[in-house]
Amino acid sequence: MSDHSPLSRRDVLKFFAGAPLLPLAASSALLSACSVTARNAHPAQYVSTTFTPMAAPTLADAAAMATTTVNAMLNVHYSDQSTQHYKLAYQPFFITGEQVPDGKGGTLVSGGYVDIHNRPIIDRSIAGKERQFFSDAPDGSSLLSLPNPAVAGIKGKAVFAVVQFEYLTRDQLGAATEKNNAYGTLPSPIAVLTLDQDQSTGKLDLVKYHNVDTSHVHGLWITCGASLSPWNTHLSSEEYEPDAQFIEHNALFKKFSKNLFGDENKANPYHYGHLPEITVNPDGSGTIRKHYCMGRISHELIQVMPDNRTVLMGDDYTNGGLFMFVADREKDLSAGTLYVAKVGAGFSVDPDAAGASLSWISLGHASSAEVERMAETLKPSDIMLSTKVDPLDASYTKIFADGIANWIKLKPGMEKAAAFLETHRYANLLGASMGFTKMEGTTVNIKDKIAYSALQNIQHSMVKNDPAWRAAAGITVNKAIVAGGIFAHKLGGNQNDTAGITIKSAWVPVSTRALLIGEDIPADALGNLANPDKIANPDNLKFSEKMRTLFIGEDSSMHVNNFLWAYNVDTKKLSRIMAMPAGAEATGLHVADDINGWTYILSNFQHAGDWSAKLHGKVKTTLDPLIKANYRDRFGAAVGYLTAEPAQFSLSGK
């Protein structure tokens with residue numbers, strides 16, 4: 001295969017020596033002017049995209065382990081057998097804690113926390129160092145355009161990003177004492193970024209940062225992964241729903257309530273664990289609504305199918321389930337039917353195995369408004385009785401909730417309330433396969449009608465004879481695979497639920513099988529506990545239809561550096577394309593095949609230098625000072641996107 005390079009490499013590098021790193025896109029004007037690809041004069045058509053992978057960084061280049069490192073190549077193949085190569089790089093929009101423009105002539109603290117009255121929440125843990133709390137854990141991101149944007153200061157075209165902030169790892173005192181003491185204690189912020197898209201290069205520059213007012217939805221709780229709906233809204237998440245049945249013992253939730261409302265007893269646990277949706281307005285602001293009818297589970301990155309009604313949802317939980325929601329109306333998640341999967345015979349972690357069938361149990365139908373009313377008026381004891389001690393009463397049912405034994409008893413007439421406010425427990429009562437561990441991101445391959453789910457770990461409730469395992473769930477492995485894996489679900493129509501009622505969707509998962517599985521290993525020379533050349537603890541997933549590529553972001557406690565991977569579903573090639581700073585999790589993955597003719601891959605990271613003695617013992621001494629220097633003494637984290645040099649490309653053929 002020939003290389004399509006009209007200019008010499010030296011000429012190209014000379015031309016771009018003073019240029020900024022450019023997005024994965026192509027401007028016909030720029031390319032025609034500099035003759036890098038001369039695509040306008042070339043009859044060849046785009047055929048496919050491949051990646052030349054990078055090696056994992058090592059202590060031979062410690063600096064590369066302490067920052068975002070990208071040494072991969074992206075290769076665009078054309079119908080005349082030519083190939084254009086692009087060197088990838090990373091460009092942050094900001095590092096959290098930086099002052100960013102508010103669009104009104106002032107600035108805001110990026111990732112900054114505010115209370116229910118939108119006032120800054122102040123870190124007072126060390127006297128004399130008071131400052132606004134800001135997150136070190138940016139997570140779910142979306143990139144979108146609107147038909148008639150109206151933001152001042154735009155020189156090219158306005159593009160919008162939505163980014164949410166999952167948590168803060170530690171306050172200043174915690175950092176000084178090496179204690180991760182702030183997780184989950186602050187209400188998650190969410191922001192709309194207005195970006196100026198240069199029409200000659202595709203480069204994105206931040207011109208406005210807008211904090212979305214979340215007060216009318218009671219604030220947000222631990223927002224993790226996110227996705228872009230087919231109707232151009234940002235679908236957020238609230239994971240690890242606070243356990244209402246035992247909320248009086250939850251010190252973390254009391255701190256959350258105190259920080260949000262100024263009162264540790266004011267927050268209602270039934271207001272959290274739902275699915276927020278953010279609409280971006282033409283002026284770069286955002287509005288939010290929270291959908292209470294999609295199950296109160298550990299929501300992660302969900303996926304809406306092309307019918308604009310069917311939603312596939314993982315469950316970042318031990319003894320979790322695979323959930324599905326079918327909305328009553330297209331592009332409207334405010335009412336519908338909630339389902340949970342029952343796994344049939346044949347479940348396997350062998351990618352060569354056929355896999356297992358899936359059937360679907362209906363948990364019930366509801367509107368968001370009626371579930372919110374129930375949340376406002378019902379106490380946990382009104383819905384069911386729960387105990388963690390065997391009551392020796394046959395009217396109670398033993399289940400496992402997040403790996404812990406519970407005995408529960410449903411109150412008469414409380415089926416709907418239980419389905420939507422105590423979803424995990426009710427799904428157990430109905431016989432669902434509540435045996436997955438940490439099923440996280442979901443995405444869809446539309447052409448092949450296959451959905452993908454990330455299992456960060458394959459352990460605990462999935463492992464035969466583990467205390468939390470139940471054979472009836474149909475989810476059994478003989479040995480834990482802590483590195484986890486990715487499962488593929490075949491999608492189809494003409495399905496009935498287990499009661500024989502038709503499911504009104506052509507995008508129902510009908511079977512599931514292993515696609516990619518990680519490999520646990522004894523610690524290697526660097527400290528890795530999973531094979532560094534395979535995925536470990538997959539979390540974020542996004543599929544590019546144009547590139548036929550499944551992008552995979554890791555949340556790994558087994559790789560010294562977490563990676564971003566690209567897996568071509570046709571060639572079956574897995575390519576490492578980016579490494580996060582050591583101790584950091586890859587988050588915020590988003591792929592936009594076409595934004596005004598340009599292509600972008602977004603990726604954030606969180607909690608750089610979050611050290612584990614078992615994993616990072618061989619690197620911490622060397623890397624800790626480097627990471628502190630790079631990322632605001634470990635309080636900062638990056639929100640940004642992949643760029644390319646010496647030139648950019650466009651999958652749309654712009």
Side-chain angles (χ1 to χ4, degrees), residues 113 115-116 121 125 133 135 137 165-171 173-174 179-189 214 217-224 237-276 290 292 295-300 315-320 371-372 374-389 391 399-409 411 414 417-418 420-428 434 437-438 460-461 468:
Y113 286 93
D115 65 15
I116 199 68
I121 303 175
S125 61
F133 281 114
S135 177
F165 300 89
E166 186 177 2
Y167 57 83
L168 172 66
T169 303
R170 59 187 73 83
D171 63 19
L173 182 60
K179 291 183 179 179
N180 296 351
N181 64 345
Y183 174 86
T185 62
L186 293 158
S188 292
T214 66
V217 296
H218 318 289
L220 298 178
W221 167 267
I222 310 180
T223 55
C224 195
S237 58
E238 292 183 312
E239 73 173 3
Y240 310 132
E241 79 283 9
D243 191 346
Q245 293 290 317
F246 302 99
I247 202 65
E248 67 273 13
H249 305 299
N250 192 326
L252 185 153
F253 188 69
K254 290 181 183 296
K255 291 179 182 178
F256 168 85
S257 181
K258 178 71 173 178
N259 282 319
L260 178 57
F261 294 105
D263 181 346
E264 68 175 20
N265 297 310
K266 188 166 185 179
N268 176 353
Y270 282 145
H271 284 153
Y272 309 100
H274 302 287
L275 195 121
K290 193 179 284 189
Y292 296 87
R296 189 167 167 273
I297 60 175
S298 191
H299 283 289
E300 259 277 357
D315 186 18
D316 188 0
Y317 196 75
T318 299
N319 299 103
V371 178
E372 186 177 14
M374 289 189 287
E376 304 269 350
T377 57
L378 295 175
K379 300 187 299 294
S381 59
D382 294 332
I383 300 172
M384 63 174 56
L385 301 178
S386 299
T387 177
K388 295 179 182 179
V389 178
I399 68 163
F400 281 84
D402 207 17
I404 299 171
N406 280 214
W407 287 261
I408 62 174
K409 182 178 181 179
K411 291 289 189 73
M414 287 291 114
F420 293 94
L421 294 177
E422 292 287 349
T423 308
H424 283 127
R425 291 182 172 90
Y426 188 65
N428 270 282
M434 303 299 288
T437 51
K438 295 187 70 64
H460 300 319
S461 58

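By convention here, the first residue in the shown sequence is residue 1.
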Q: Please round to the nearest 0.5 Å and tell me the distance separating atom CD of Glu241 and atom CD of Glu422.
A: 8.0 Å
Q. Could you go step by step and tell me if His424 and Asp315 meet the side-chain hydrogen bond (donor to acceptor under 3.5 Å, both in side chains) rule?
A. CA-CA 10 Å; His424 283 127; Asp315 186 18; 2.7 Å; yes
Q. Any side-chain heavy atom of Glu300 sitting closer than 4.5 Å to one from Ser237?
A. no
Q. Is there side-chain contact between Lys290 and Thr214, with heavy atoms separated by less than 4.5 Å?
A. no
**Q.** Pairwise distance CZ(Phe165) to CG(Leu220) - rounded to 0.5 angstrom
**A.** 12.0 Å
Q: Could you tell me the separation between the CG atom of Asp316 and the CG atom of Asp402, rounded to the nearest 0.5 Å?
A: 9.0 Å
Q) Can you find a heavy atom in the side chain of Pro187 that is under 4.5 Å from one in the side chain of Phe256? A) yes
Q. Residues in ring pair (Phe, Tyr, Trp, His ring centres under 6.0 Å) with Phe133, at least two apart?
A. none
Q | Atom NZ of Lys266 with >12 non-hydrogen neighbours under 6.0 angstrom | A | no
**Q.** Any donor-acceptor N/O pair, Ser298 side chain to Tyr317 backbone, under 3.5 Å
**A.** no
(Q) Are Pro242 and Arg296 packed together at the side-chain level, in the sense that at least one heavy-atom pair is separated by less than 4.5 angstrom? (A) yes
Q. Will you find, in the side chains of His271 and Glu376, an N or O donor that is under 3.5 Å from an N or O acceptor?
A. yes
Q. How far apart are the closest heavy atoms of Leu173 and Ser125, and which atoms are they?
A. N-OG, 3.1 Å
Q) What closest approach, in Å, do Ser381 and Lys411 show between heavy atoms, and which atom pair accounts for it? A) O-NZ, 2.8 Å
Q.
So which atom in Ala244 and which in Pro269 form the shortest heavy-atom distance, rounded to 0.1 Å?
A. CB-CG, 3.8 Å
Q. How many angstroms lie between CG in Asn319 and CD1 in Ile399, if you round to the nearest 0.5 Å?
A. 8.0 Å
**Q.** Partners meeting salt bridge (Lys or Arg N to Asp or Glu O under 4.0 Å) with Arg170 (sequence neighbours left out)
**A.** Asp610
(Q) Can you give me the closest heavy-atom contact between Ile408 and Ser386, atom names plus distance? (A) CG2-OG, 3.6 Å
**Q.** Backbone of Ile404 reached by a side-chain donor or acceptor of Asn406 within 3.5 Å
**A.** yes
(Q) Please check this pair: side chain of Tyr113 against backbone of Tyr167, looking for a donor-acceptor N/O pair closer than 3.5 Å. (A) yes
Q: Would you check if the side chain of Asn268 reaches a backbone N or O of Tyr270 as a donor-acceptor pair within less than 3.5 Å?
A: yes
Q. Using 30° and 60° as the class limits, which term best fits the ring planes of Trp221 and Tyr272: parallel, tilted or perpendicular?
A. tilted
Q: Look at the side chain of Thr437 and the backbone N and O of Thr318, then say whether any donor-acceptor pair between them is shorter than 3.5 Å.
A: no
Q: Find out whether Thr185 and Asn259 are in side-chain contact, i.e. whether some heavy atom of one side chain is under 4.5 Å from a heavy atom of the other.
A: yes
Q: Kindly give the heavy-atom pair with the smallest separation between Ile222 and Ser188, and that separation in Å.
A: N-OG, 3.2 Å
Q: Kindly compute the distance separating CD (Glu238) from CD1 (Ile297), expressed to the nearest 0.5 Å.
A: 12.0 Å
Q. Just wondering, more than 12 heavy atoms not from His218 lying within 6.0 Å of its NE2?
A. yes
Q) Of the non-hydrogen atoms in Met414 and Ile383, which two are nearest, and what is the gap between them? A) CB-O, 3.6 Å
Q | Side-chain heavy atoms of Tyr183 within contact of Leu252, under 4.5 Å | A | yes
Q) Would you call Arg425 and Asp243 a side-chain contact if the rule is heavy atoms closer than 4.5 Å? A) yes
Q. Around atom NZ of Lys254, are there more than 12 heavy atoms of other residues, nucleotides or ligands at under 6.0 Å?
A. yes
(Q) For the NZ atom of Lys379 and the CD1 atom of Ile247, what is their distance to the nearest 0.5 Å? (A) 15.5 Å
**Q.** Close side-chain approach of Glu239 and Glu166, heavy atoms under 4.5 Å
**A.** yes
